[in-house]
Amino acid sequence: MIDKETLVAWDKRYLWHPFTQMQDWLTEDPVIIERGEGCYLIDIDGNRYIDGIASMWTNVHGHNHPELNTVLKAQLDKIAHTTLLGYSNIPAIQLAQKLVEITPTGLNKVFYSDNGSTAVEVALKMAYQYWQHRGEPQRKLFIHFDNAYHGDTIGAMSVGGIDSFHTTFDSLLFKGIRVSAPEAYRSSHTINAASNDSKVKTHWLNAVERALSEHKGQIAGIVLEPLIQGAGGMLISPKGFLKELAALARRWETLLIVDEVMTGFGRTGKMWACEHEGVTPDLLCTAKGLAAGYLPLAATLTTDEIYNAFLGEYRDLKTFFHGHTFTGNPLACAVALENISIFERENLLSKLQPIIEHFRNRLQEFYELQHVGDVRVCGLAAGVELMKDPDTGTPYPFEEKIGLQVCKEALTRGAILRPLVNTIVLMPPLQISISELDALMDIVYTSIETVTKK
Ligand SMILES: *Cc1c(COP(=O)(O)O)cnc(C)c1O
């Protein structure tokens with residue numbers, strides 16, 4: 001067995017970590033995870049941590065899950081990978097059937113890829129090409145939102161709205177119409193009050209309708225994260241916004257692209273965020289939880305109408321010329337099928353409701369802390385925003401790294417977290433128990449208290 005010292009040395013020598021200032025990383029003592037057990041991660045020194053972020057928002061049923069492991073091993077003994085380009089495989093077929101069954105009615109076709117960004121790229125390219133086949137090639141623009149996050153590839157960034165991630169690459173991005181958030185947005189949907197909710201909703205809907213009218217016949221689609229904007233800071237959308245936006249898209253005959261990469265697979269309390277508002281989008285993207293957090297897998301689902309527009313003679317070149325090498329990987333699809341089976345067998349979504357309620361109640365307590373400015377929650381996803389002075393809304397300066405400090409403190413107390421700037425994200429595996437959740441909430445509470453009192 002390789003010793004820890006070597007691992008740390010090699011990590012610092014050979015690895016470049018994502019979304020990480022490596023200059024800081026090089027001075028720190030990295031946590032190297034070796035094993036997982038349910039909601040716990042165990043490092044090479046044997047320390048146990050609650051996985052408070054479900055391993056970057058992916059894990060559903062816990063780590064090292066016996067049934068998922070069994071299914072994965074069984075598939076491995078048959079075949080690990082074979083291509084979907086011109087051929088098919090059993091798990092990819094079965095999963096497509098299942099996904100159509102469990103997604104909103106009307107989404108009847110499944111296009112696989114490997115991650116959230118590519119699921120979004122596929123949706124954008126499908127929408128764009130669809131309009132060409134429909135004889136409306138001037139529909140080239142996408143409407144998207146401030147604070148949105150759809151991934152890090154160029155197309156996904158183009159419909160994003162987080163300046164710190166995207167400004168550097170501005171000249172590489174294609175132009176769309178970015179709808180700005182009203183001032184009231186951030187504070188409009190705290191756990192306690194939704195006083196500005198309808199004001200924010202009206203602001204947004206008006207802005208979208210203005211764009212649709214100013215660019216009549218030029219809008220290819222509207223792209224959004226339903227109910228909650230994740231990487232933008234766990235920002236909750238006004239109630240009814242998604243439903244009214246869908247109606248607006250229909251009225252102006254454009255496409256609605258819903259990015260359920262984070263919200264899918266039960267995160268919001270229903271299988272899909274869209275279900276909360278009875279919406280069937282034209283395109284739906286899923287990734288993170290799709291293969292239960294085990295393997296990279298993504299899918300873009302769409303309607304017969306869009307699919308049919310791509311049918312034609314071979315020579316007509318109406319084919320969707322897009323595909324990733326590992327598309328429909330059998331191992332990942334087999335795990336995803338078992339993921340869905342567990343939801344059904346264990347009636348997970350109804351078991352989840354008391355956990356979500358407990359989560360909400362425990363989150364209320366965070367307002368007792370002097371530097372907690374806002375608490376936002378949607379299902380089993382929450383953001384606790386820290387502020388230098390909540391009364392005046394004064395944020396902590398960026399360079400204070402307050403979010404990272406709290407996460408470091410939490411680590412010493414036995415929880416793995418990852419902040420979004422000054423917002424502490426809580427997103428445990430859905431299978432977390434009440435007592436594990438309590439342990440997590442206690443750690444986060446004490447860590448915020450300790451760090452912000454310094
Ligand atoms: C994480 C995320 C993505 C990007 O997924 P990757 O697998 O990291 O490429 C896209 N959209 C949303 C809403 C996400 O949360």
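Counting starts at 1 for both ligands and their atoms, following the listed order.
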* Asked: Is the centre of the His322 ring less than 6.0 Å from the centre of the His324 ring?
  -> yes
* **Close aromatic pair by centroid cut-off 6.0 Å: Phe343 and His61** => yes
* Less than 6.0 Å separating the ring centroids of Tyr128 and Phe142? -> no
* Please test Phe165 against Phe19 for ring-ring contact (aromatic ring centres under 6.0 Å, His included), starting from the C-alpha separation and ending with a verdict. => CA-CA 9 Å; Phe165 295 177; Phe19 280 104; 4.9 Å; yes
* Please lay out, stage by stage, how Lys239 and Glu277 fare under the test salt bridge (charged side-chain N to carboxylate O under 4.0 Å, His left out). => CA-CA 9 Å; Lys239 231 187 184 65; Glu277 305 205 350; over 6 Å; no
* Which protein residues have a heavy atom closer than 4.0 Å to any atom of ligand 1, listed by chain and number? -> Trp57, Asn115, Gly116, Ser117, Tyr149, His150, Gly151, Glu225, Asp259, Val261, Met262, Lys288
* **Contact list for residues 82-109, test salt bridge (Lys or Arg N to Asp or Glu O under 4.0 Å), sequence neighbours left out** => Lys98-Glu101, Lys98-Glu344
